[in-house]
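What's counted below: heavy atoms across the whole structure, side chains too, no hydrogens, waters or symmetry copies. One-based numbering along the sequence shown.
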Amino acid sequence: MSVESAQAAVETVQQKLREAGVKYAMSSFVDLHGNIKTKFVPLSHLPQMAAGSELFTGAALDGLPQDISDEELSAIPDLDSAVQLPWRKEVAYFASDLYTEGKPFEAASRNILKRQLEAAKELGFTFNLGIETEFFVLKDTPGGPVEVSDRDNLSKPCYTAPAALDNFDWLTEMVEAMNDMGWGVYSFDHEDAQGQFEIDFKYSDALTMADRAVFFRLMANEMVRKHGYFATFMPKPFADRSGSGAHFNMSLADAETGVNLFETDDDPRGCGISELGYKFIAGVLKHAPAICAVIAPTVNSYKRLVRKGSMSGSTWAPVFVSYGNNNRTNMIRVPLAGGRVECRAADISCNPYLGAAIILAAGLEGIRENLDPGAPHTENMYNYTEAEILKNGLGLLPRSLGEAVEEFAADSLSRDVFGESMYNAYIDYKGQEWDEYQAHVSEWETKRYLKFF
């Protein structure tokens, strides 16, 4: 794009935002966790912001590995990502790419995903992604956080109408805001746990979906705060309730025609996806333990990835490195309509840029190497005994963040996707997180052992 064309594009966006009542713009990106970092500028300063005027010190943030003496990171906004904040109309948000020393910063989450999208493009593919957003909305009380509705009291509260209606004001505010931004919400409901909800919206290209997922977390918290509540994206906030997933629904399309290459009318394995889709699945399963460190990135994540433990009798989360048809006990599920694959191990605390990048890289490896995932599992995987697990040679997902980080560190794909500096930064941060958790003395331990002997 010429300098004149770039300037005209900025002026077009600036004028459109001004007419909508916008006065300020956010130059935004995410840290290692997928949390948004930003600087605000007056809308009149948008041309300078678009040229990279807003500088950030990576050393002050998690997972942006820089020395304090390094040149600052410059945020270059993606003009196509501009959205007006639904709850604060005078502000517009821009997802940005980070640069330093005149080139893309290797360790920036958005840049990491863009590298894998380019690798897919070289093979003739675009990567489409839908992320299911599960989360809790709670209110603080002197006795601790509780669900908002006093009618949210069923032992199996999934899809309950009264509790959903009691939360309808903030739910519909969010849905209408998402549709105003063009996200295409097609369903929302009360989920499996008390206080838990899900809003589902149309898939898009993976970069747009990742931009929307991080913005969704910001938006949810800001909008429910007006009602005196808070949203939590902790994967498993309650021991006796289901956790919050962020199921990744994925497909590859032809880069020129947009045709879904996972769709087929002829699947002898009966799941409803093409051979290309099976190769993609095989690559993901091959690297599943390392991928887990990214899509289930917290200590708390592994309290969700268990077979039992919720009020409704099941966690609905995977524990095996396996795939199957419309069977929710597998890590990778092919939904009933076919044409896409769903990774059920991802949770709502993940950084969606990093999660999408490492899953896509693994899937592309499966395609390049013509990998085969074997026969699909159609049985209830939760019913397997330990002896049956050994007999069938089933692999298990990591049982803790510590184990997942070890798998991440040992897998060469991790370094290839993240780049050297982010690979080391991720291991260092998550390793320390695990060590701190291991050293922590919990209330459970004190109650059990303080006067035990």
Side-chain angles (χ1 to χ4, degrees), residues 30-35 61-65 107 109 112 131 134-136 213-214 217 232-239 241-248 284-310 315-321 331-332 343-359 361-362 395-415 417-418 421-445:
V30 302
D31 62 8
L32 175 149
H33 315 292
N35 285 332
L61 302 169
D62 291 336
L64 289 169
S109 297
I112 288 171
I131 297 179
E134 296 179 352
F135 59 107
F136 285 80
V214 297
R217 291 194 296 217
T232 179
F233 301 95
M234 183 178 181
K236 194 76 161 62
F238 300 100
R241 306 184 195 183
S242 300
S244 292
H247 303 150
F248 279 31
V284 174
L285 295 181
K286 176 182 176 181
H287 296 282
I291 290 171
C292 243
V294 184
I295 62 174
T298 71
V299 166
N300 183 252
S301 296
Y302 296 85
K303 296 180 179 181
R304 170 180 169 265
L305 297 179
V306 295
R307 290 195 242 188
K308 303 291 182 182
S310 73
T315 64
W316 304 96
V319 294
F320 297 107
V321 180
M331 176 192 178
I332 302 294
C343 177
R344 298 182 59 78
D347 72 49
I348 199 64
S349 72
C350 78
N351 179 329
Y353 299 105
L354 299 181
I358 197 165
I359 290 179
L396 289 168
L397 295 175
R399 304 300 296 273
S400 69
L401 178 63
E403 183 182 336
V405 172
E406 289 178 358
E407 296 284 358
F408 178 89
D411 194 324
S412 61
L413 182 75
S414 308
R415 192 190 304 266
V417 173
F418 277 48
S421 60
M422 185 56 155
Y423 165 80
N424 289 323
Y426 199 85
I427 292 169
D428 289 347
Y429 186 94
K430 290 298 174 180
Q432 180 181 356
E433 185 175 339
W434 176 247
D435 289 344
E436 289 177 1
Y437 174 72
Q438 289 282 79
H440 171 69
V441 178
S442 68
E443 183 182 4
W444 183 93
E445 292 172 274

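Between V294 and C350 the shortest heavy-atom distance is O-CB, 3.6 Å. The nearest pair of heavy atoms linking A361 to V417 is CB-CG2, 3.3 Å. Contact detail for A296 and L305: the closest heavy-atom pair is CB-CD1, 4.1 Å. Shown here for P65 and A107, the closest heavy-atom pair between the two residues is CD-CB, 3.6 Å. Closest approach of L354 to L32, counting heavy atoms only: CD1-O, 3.9 Å. In plain terms, the two heavy atoms of G245 and E134 that are nearest each other are N-OE1, 2.7 Å.
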task: Walk me through it: do C343 and I291 pass the test side chain to side chain contact (heavy atoms under 4.5 Å, CB included)?
output: CA-CA 11 Å; C343 177; I291 290 171; 5.7 Å; no
- request: Using the side chain to side chain contact (heavy atoms under 4.5 Å, CB included) rule, take I112 and Y353 through it: C-alpha gap first, then chi angles, then the decisive distance, then the call.
  value: CA-CA 7 Å; I112 288 171; Y353 299 105; over 6 Å; no
field: From CA spacing to verdict: side chain to side chain contact (heavy atoms under 4.5 Å, CB included), W434, Q438
entry: CA-CA 6 Å; W434 176 247; Q438 289 282 79; 3.4 Å; yes
Residues F135, T232; criterion side chain to side chain contact (heavy atoms under 4.5 Å, CB included); working and verdict: CA-CA 6 Å; F135 59 107; T232 179; over 6 Å; no
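We find the CG-NE2 distance between L413 and H287 to be 4.5 Å, quoted to the nearest 0.5 Å. Taking CG from D62 and CG from D428, the interatomic distance works out to 12.0 Å, rounded to the nearest 0.5 Å. Distance CE/M234 to CZ/R304: 13.5 Å, rounded to 0.5 Å. To the nearest 0.5 Å, atom OG of residue S301 and atom CD1 of residue I348 are 11.0 Å apart. The line from CG of N424 to OG of S414 is 11.0 Å long, rounded to the nearest 0.5 Å. With rounding to the nearest 0.5 Å, the separation of SG in C292 from CZ in R399 is 11.5 Å.
Two rings, from Y302 and Y437, have their centers 6.0 Å or more apart. Checked against the 6.0 Å centroid threshold, H33 and Y429 count as a close aromatic pair.
With no hydrogens or angles considered, no side-chain donor-acceptor pair links T298 and N300 at under 3.5 Å.
Considering only heavy atoms from C-beta on, L397 stays 4.5 Å or farther from F320 through its side chain. Side-chain atoms of D347 and S244, non-hydrogen and from C-beta on, never get closer than 4.5 Å to each other.
Classification of the Y426-F418 ring pair by plane angle, with boundaries at 30° and 60°, yields perpendicular.
For the pair N351 (side chain) and D31 (backbone), a donor-acceptor distance under 3.5 Å is present. Panel note: side chain K236, backbone A239; a donor-acceptor pair is recorded below 3.5 Å. A donor-acceptor contact shorter than 3.5 Å links the side chain of Y423 to the backbone of A409. Proximity of a side-chain donor or acceptor of K430 to a complementary backbone N or O of L401 within less than 3.5 Å is not detected.
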